[in-house]
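These notes concern the structure reproduced below.
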2 protein chains.
Amino acid sequence: MFEPVTIKDIAKALGLSTSTVSRALRDTHEISAATKQIVLAYAKEINYQPNPIALSLKERRSKSIGVIVSEVANSYFSQAINGIESIAYDRGYHVILTQTHESYDREVINVQHLASRSVDGLLVSLSSQTNDISHLSYLHEKGLPIVFFDRVADEIETHKVIANNEKGAFEATSHLIKSGYKRIAHLTSSTQLSISIERLKGYEGALKANNITINPSYIKHCPHGGMIYEETENAIKELMALDEKPDAIFVAGDRLSTGCLSVFKNLKISVPKDMAIAGFSNSDVLDLFNPSLTSVRQPAFEIGQLATQMLLQLIEAKYPVEEFEKKILDTSLFVRNS
Amino acid sequence: MFEPVTIKDIAKALGLSTSTVSRALRDTHEISAATKQIVLAYAKEINYQPNPIALSLKERRSKSIGVIVSEVANSYFSQAINGIESIAYDRGYHVILTQTHESYDREVINVQHLASRSVDGLLVSLSSQTNDISHLSYLHEKGLPIVFFDRVADEIETHKVIANNEKGAFEATSHLIKSGYKRIAHLTSSTQLSISIERLKGYEGALKANNITINPSYIKHCPHGGMIYEETENAIKELMALDEKPDAIFVAGDRLSTGCLSVFKNLKISVPKDMAIAGFSNSDVLDLFNPSLTSVRQPAFEIGQLATQMLLQLIEAKYPVEEFEKKILDTSLFVRNS
DNA sequence: TTGTAAGCGTTATCAT
DNA sequence: ATGATAACGCTTACAA
């Protein structure tokens, strides 16, 4: 079974040396047109395919990039991965995909697994549990190109690509305020996540801009970002148990938004009928049909593309890069239309 | 920058030979406990990481599997990929992801790119454009382990994992019939796709079982499976232009189902108000909120897991496998609840 | 128990 | 223009 053809086989069959064959196969000038033709013809005939692993060993690069996300089955990430793959494909890179499921331990393992030189660079969106980023900074200092997207680590000096979370949150919250809501709660994920911090800032900014006092009991954290139903349910139950129930919620995450909607769908406790929800969500299906969500859409595909371009730039840079960029892409607000 | 530590470095530093170091690092018994400790301690100190590429070259395996799907940003596939990744992770394999975007050419390129010995096996769901599978059968004959999932090629003798498409289609169509619909159209993707054929069979079976004549003009193909809005729109317009308009549609695909719903949402032409739609869809968000779709849900995660288990079994088999399995997992029907 | 050497597939360097 | 050789990092006979 599976006996791959090597340069050696071609050399033997044609009575040439491996170096000659190698030269013929690439576009070196130090070879006669005649032998070149013979080699190429024979290589084609027996369908020779170069062994990328041997090449990787020699050139100390694998032509592949590692991607670390929390969940593939999340519209935002699957769209981002689509963007990542599109650029990687064009540039001849493989995409190696890993998930953290929001677990710090798993993130560390994945990073190390990928990084032990089987990957030329890393595209990272941090897990919600991640506080300590030494596993990444260690590699970064060693020279492994890393680009963050979405959930970034400010401590590490490298390229970053994010959505304008603060502005998106500001707009969503402002939209709720303009629509007449006054007691706006904020449902968000883990406290330390960059996206949570930015979105919280936008939420608070909008309240301040409208002279609404920030009510700390209106701000609820779900560290697992909507992955655990009960967590979201409890947060909402607590909000609904308040003396002054909120009349709207700004939700700061994709899974959290749908989680929130399903809690409201199932909830037995009394919920204001005209409760409004605005939240980050990249599910194209959701805002096509769900009438009760105003969604903040992130340009996930573009973020993935841009992050990949930047990573490949770092990987292929001849000299160490000194200037790092933080690209911030605008979100768009999809307002419910009925 | 990035000067990786090798076994050679350790050997030099400790005044040992590379083979001794290599032995110490693994669990060979042909080594003294003393040197072993010294080597392990030093390796840890300088944070030695073995180079997987060198290992791959030596052992002729990369501990990675290639995945070929049409689109990541499709609930079905992202869930399947989640399952794939979960098993691959447990078994220490990397997942290399590629997309065909339903293009045959791209499928061929991806297959070749992955297969040229950088991957130990392939998990394939065919593109809707694929007729000719020689690019796969060639590799399969050469001994590359391949497992198909979802969209399979019956011509190739290997493991396959699919949902019970025929039964799912039968149930969905039957459900429409039981609900009182009589003129049930069928919106499906490319003619040659295994899933299309199976779902068509289930649709026709349900009609026959209920003594309803099959109306060929009720069966519409969208080769791009809902990826091109106009294609879906035209199909539906044609259905709606028929003298005897259908009163229900059974839709045979994930993107096609949402595409169909959005067409109805946008369509200006007259559409029966009580038009019922039942279709394959794996969007958990969709059937949570959309009242107008009865959805056939595939166990995508389990399909991904099972396919990966089977692939790894093939990869790690000591002897060529002769008996191949076709696993068929049941779908479930989510009926609209209002 | 440890070291030497060959080999995995390729390319670069140096001869010829 | 072509061939021999070493090297990429690792493992494994085989020798010592």
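In what follows, chains are A, B, ... by sequence order, proteins preceding strands, each numbered from 1.
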How long is the gap from CD1 on B/Ile146 to CE on B/Met310, to the nearest 0.5 Å? 14.5 Å

How close or far is atom C1' of C/dT10 from atom CZ of A/Arg61, stated in whole angstroms? 12 Å

Inter-residue atom distance A/Leu139.CG - A/Ser134.OG, 0.5 Å rounding: 10.0 Å

The nucleotide from C/dT11, C/dG9, D/dC10 with an atom nearest the side chain of B/Arg60 is C/dG9

In whole angstroms, how far is the P atom of C/dT2 from the CD atom of B/Glu30? 11 Å

How many Å lie between CG on B/Leu55 and P on C/dC8, as a whole number? 16 Å

For the pair made of CG in A/Asp9 and C1' in C/dC8, what is the distance, rounded to whole Å? 13 Å

For A/Ile53, report the nucleic acid contact type (base, sugar-phosphate, nothing); a contact means any heavy atom under 4.0 Å. nothing

Examine C/dT2: is either OP1 or OP2 under 4.0 Å from a nitrogen or oxygen in the side chain of B/Ser32? Give yes or no. yes

Given atom CG of B/Asn51 and atom C1' of D/dA7, what is their separation to the nearest angstrom? 14 Å

Side chain of A/Lys8 only, please: which of C/dC8, C/dT1, D/dT2 is the nearest? C/dC8

Which of the following nucleotides, D/dG9, C/dT10, D/dT11, is nearest to the side chain of B/Ala54? D/dG9

With a 4.0 Å cutoff (strictly under), does any side-chain N or O of A/Thr18 reach OP1 or OP2 of C/dT10? no

List the steps, then state whether ring pair (Phe, Tyr, Trp, His ring centres under 6.0 Å) holds for A/Tyr104 with A/His135. CA-CA 10 Å; A/Tyr104 167 73; A/His135 55 299; 5.6 Å; yes

At under 4.0 Å between heavy atoms, what does B/Ser56 touch on the DNA or RNA strands: base, sugar-phosphate, or nothing? nothing

Can you tell me the distance, in whole Å, between the CD atom of A/Gln49 and the P atom of C/dC8? 20 Å

Spell out yes or no: do the side chain of A/Arg23 and the base of D/dG3 have one donor N/O and one acceptor N/O closer than 3.5 Å? yes

For a quick test of reading the model: is some side-chain N or O of B/Arg26 closer than 4.0 Å to OP1 or OP2 of D/dT12? yes

Once you round it to whole Å, what is the distance between C1' of C/dT1 and CD of B/Gln37? 16 Å

Cation over ring, A/Arg61 on A/Tyr93, under 6.0 Å and within 45°? no

Regarding C/dT4, can its base be found pairing with the side chain of B/Ser19 as donor and acceptor, where the two atoms are less than 3.5 Å apart? yes

Between A/Lys36 (NZ) and D/dA1 (C1'), how many Å, whole number? 13 Å

B/Glu157 atom CD, neighbour heavy-atom count above 12 within 6.0 Å: no

Any N or O donor-acceptor pair under 3.5 Å from the base of D/dA4 to the side chain of A/Ser17? no

With DNA chain C as reference, determine whether B/Leu57 or B/Thr20 sits nearer its 5' end, using the nearest nucleotide of each. B/Thr20

Can you tell me which nucleotide in C/dT2, D/dC8, D/dG9 comes closest to the side chain of A/Lys58? D/dC8

From the list B/Ile156, B/Val161, B/Ile68, side chain to side chain contact (heavy atoms under 4.5 Å, CB included) with B/Phe148 holds only for B/Ile156

